[in-house]
A.B. asks: 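Just dropping this structure here.
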Amino acid sequence: MECIFCKIIKGEIPCFKLYEDDKVLAFLDINPDSDGHTLLIPKNHFKDLDDIDNETLLSINNVSRKIKKMLEEKLNCDGVTLIQNNGDVQEIKHYHMHIKPFYNNKKSIELIKYKEYIKDPKDVYEILKEN
Ligand code: AMP
Ligand code: ZN
């Protein structure tokens, strides 16, 4: 079966797209751990940190700065965590960087356990797309 993130890049599966350039795509995680949980992926298929080249890694990091700023400005989050899973903790085998906003008032750590308090990504997308 073909890689699900490659299908998103090709437009065969929809996503809540936040940013794209020739190398990187950023979109909201469909099952967020907090409001604004974003995934950054290279447009070329790399499996994980061992597989991805330095140039692409740099592009991902540059985009992570933009997304961090966007989340801070538009969602008023109080912190941002960057995570990248490999091996058995990596569910989707196409390199991706998670960007997870943290909110003091909502105790984000607990939010992960109580998913019902997290907004639908569709509603967060509406906020992020406003100017
Ligand atoms: P990982 O465990 O690091 O591989 O995380 C994979 C992430 O991809 C999870 O947080 C999923 O919720 C997310 N995910 C899976 N399918 C989709 C999709 N179609 N659109 C957006 N995010 C997805
Ligand atoms: Zn892929």
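These numbers come from the heavy atoms of this one structure, side chains and all, not from hydrogens, waters or symmetry mates. Since the structure is predicted, the reported quantities are computational estimates derived from the model, not experimental observations. In listed order, ligands and their atoms are each counted from 1.
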A.B. asks: Quick check: does any side chain N or O of S34 sit under 3.5 Å from a backbone N or O of P101, one acting as donor and the other as acceptor?
C.D. replies: yes
A.B. asks: Quick one: pull up CD1 in I41 and SG in C6 and give me the separation to the nearest 0.5 Å.
C.D. replies: 7.5 Å
A.B. asks: Can you list everything that forms a ring-ring contact (aromatic ring centres under 6.0 Å, His included) with F46? Sequence neighbours excluded, please.
C.D. replies: none
A.B. asks: Given 3.5 Å as the limit, does a donor-acceptor pair link the side chain of N86 with the main chain of D48, or not?
C.D. replies: no
A.B. asks: Would a distance-only check, ignoring hydrogens and angles, find a side-chain to backbone donor-acceptor pair under 3.5 Å from K7 to E2?
C.D. replies: no
A.B. asks: Distance-only check: which donor-acceptor pairs under 3.5 Å involve side-chain atoms of residues 92-99, not counting sequence neighbours?
C.D. replies:
unit_1 : atom_1 : unit_2 : atom_2 : d
K93    : NZ     : G87    : O      : 2.8
K93    : NZ     : Q90    : O      : 2.7
H94    : ND1    : H45    : ND1    : 3.2
H94    : NE2    : P42    : O      : 2.9
H96    : ND1    : H94    : O      : 2.7
H98    : ND1    : H37    : NE2    : 2.9

A.B. asks: When you check the space around the Zn ion (ligand 2), which protein N, O or S atoms turn up under 2.8 Å?
C.D. replies: C3 SG, C6 SG, H45 ND1, H94 ND1
A.B. asks: Are any side-chain N or O atoms of N104 and backbone N or O atoms of D78, one a donor and one an acceptor, separated by less than 3.5 Å?
C.D. replies: no
A.B. asks: Checking side-chain contact (heavy atoms from CB on, under 4.5 Å) between S64 and each of V80, L82, V24, which is the one that passes?
C.D. replies: L82
A.B. asks: Dump all N/O pairs between ligand 1 and the protein below 3.5 Å as a table: atom names plus distance, one pair per row.
C.D. replies:
unit_1   : atom_1 : unit_2 : atom_2 : d
ligand 1 : 2 (O)  : V89    : O      : 3.3
ligand 1 : 2 (O)  : E91    : N      : 3.2
ligand 1 : 3 (O)  : N85    : ND2    : 2.8
ligand 1 : 3 (O)  : H96    : NE2    : 2.7
ligand 1 : 3 (O)  : H98    : NE2    : 2.8
ligand 1 : 4 (O)  : E91    : N      : 2.7
ligand 1 : 4 (O)  : I92    : N      : 2.9
ligand 1 : 4 (O)  : H96    : NE2    : 2.9
ligand 1 : 5 (O)  : H96    : NE2    : 3.2
ligand 1 : 5 (O)  : H98    : NE2    : 3.4
ligand 1 : 10 (O) : D29    : OD1    : 3.3
ligand 1 : 10 (O) : D29    : OD2    : 2.5
ligand 1 : 12 (O) : D29    : OD1    : 2.5
ligand 1 : 22 (N) : I30    : N      : 3.2

A.B. asks: Does a side-chain N-to-carboxylate-O contact under 4.0 Å join K68 and E72?
C.D. replies: yes
